[in-house]
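The structure appears right after this line, and notes come after that.
Residue numbers begin at 1 in each chain, while the letters A, B, ... track the order of the sequences.
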Amino acid sequence: MKDLELDINQIPSGVEEECVEKEFGGLPRKKLRLTKEQSHVLEQSFKQYHILNPKQKEGLADQLKLKPRQVEVWFQNRRARSKLKQTEMEYKNLKKWFGSLNEQNRKLKKEVEELRGRKAGPPQQLPAATLTMCPRCQHVTNTFLDKGPAARKH
DNA sequence: GATGTCAAAAAGATTG
DNA sequence: CAATCTTTTTGACATC
């Protein structure tokens, strides 16, 4: 039950490799698609440096049999798209954070109402919950129960 | 170099 | 199953 592991390249009739370099009249140039290998190498390089110096660019270019310009563009796109995804993630986290803060607020208001109701009744005291959450790591801290010497920071 | 946009190609979803 | 419509991915450029 494990067929189909994504056949590597070459779908119909070898439309891979260098389909560049051939600009006839300079008209119907089709859009090249990088091979698995090429994008893998580029991806690995991107892990190390998001920005290349001319030297590295040149190196990658002829290692991958691409024009330096193509490598340059690839990195530009990669940077932009990577940033976009990161921003989307941050948006989702902030949204989640807001949601939890909102709920905390709801609970606290409910508690206040409850306390107000007892004001004229039996004198009693409840520990008000004081919660804080780090927007980055989503760590929640209760300043009443968790304020021991282990006030670690994150 | 970042950002916005276009368009080709591939991947997915629909329908007959 | 495949022809077709829709969405996503991505190589390339133009602008700033």
Verdict with reasoning, A:Gln56 to A:Asn53, per side chain to side chain donor-acceptor pair (under 3.5 Å) | CA-CA 6 Å; A:Gln56 307 174 296; A:Asn53 58 45; 3.3 Å; yes
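A:Glu103 has a carboxylate O that lies under 4.0 Å from a charged side-chain N of A:Lys107, or vice versa, which qualifies the two as a salt bridge.
Atom NE2 of A:His40 sits in a sparse spot, with 12 or fewer heavy atoms from other residues, nucleotides or ligands closer than 6.0 Å.
Between the CZ atom of A:Arg69 and the C1' atom of C:dG11 there is a distance of 11 Å, given to the nearest Å. Spacing between atom NZ of A:Lys83 and atom P of C:dT10 amounts to 20 Å, rounded to whole angstrom units. For the pair A:Leu64 CG and C:dG11 P, the interatomic distance rounds to 12 Å; values are reported in whole Å. In this structure, A:Arg33 places its CZ atom 16 Å from P of C:dT8, rounding to the nearest Å. If you measure from atom CG of A:Leu66 to atom P of C:dT10, you get 15 Å, rounded to the nearest angstrom. Across the protein-nucleic acid pair, A:Gln38 atom CD and C:dT9 atom P stand 21 Å apart, rounded to whole Å. A:Leu32 has its CG atom 18 Å from the P atom of B:dA7, to the nearest Å. As rounded to whole Å, 17 Å separates atom P of B:dA8 from atom CG of A:Leu34.
Applying the salt bridge (charged side-chain N to carboxylate O under 4.0 Å, His left out) rule to pairs touching residues 68-77 of chain A yields A:Lys57-A:Glu72, A:Arg69-A:Glu72, sequence neighbours excluded.
For the side-chain hydrogen bond (donor to acceptor under 3.5 Å, both in side chains) test, no residue two or more places apart in sequence or in another chain qualifies with A:Arg79. In this structure A:Glu88 satisfies the side-chain contact (heavy atoms from CB on, under 4.5 Å) test together with A:Leu84, A:Lys85, sequence neighbours excluded. Shown here are the side-chain hydrogen bond (donor to acceptor under 3.5 Å, both in side chains) partners of A:Gln63, two or more places apart in sequence or in another chain: there are none.
For A:Lys31 and B:dC6, the shortest distance from a side-chain N or O to OP1 or OP2 is not below 4.0 Å.
Within residues 45-52 of chain A, the residues approaching DNA chain B are A:Ile51, by heavy-atom distance under 4.0 Å. Contacts between residues 71-79 of chain A and DNA chain C, defined by a heavy-atom separation under 4.0 Å, are made by A:Val73, A:Trp74, A:Asn77.
The NZ atom of A:Lys67 sits 9.0 Å away from atom CG of A:Leu32, with the distance rounded to the nearest 0.5 Å. Rounding to the nearest 0.5 angstrom, the gap separating the OG atom in A:Ser39 from the CD atom in A:Gln44 is 11.0 Å.
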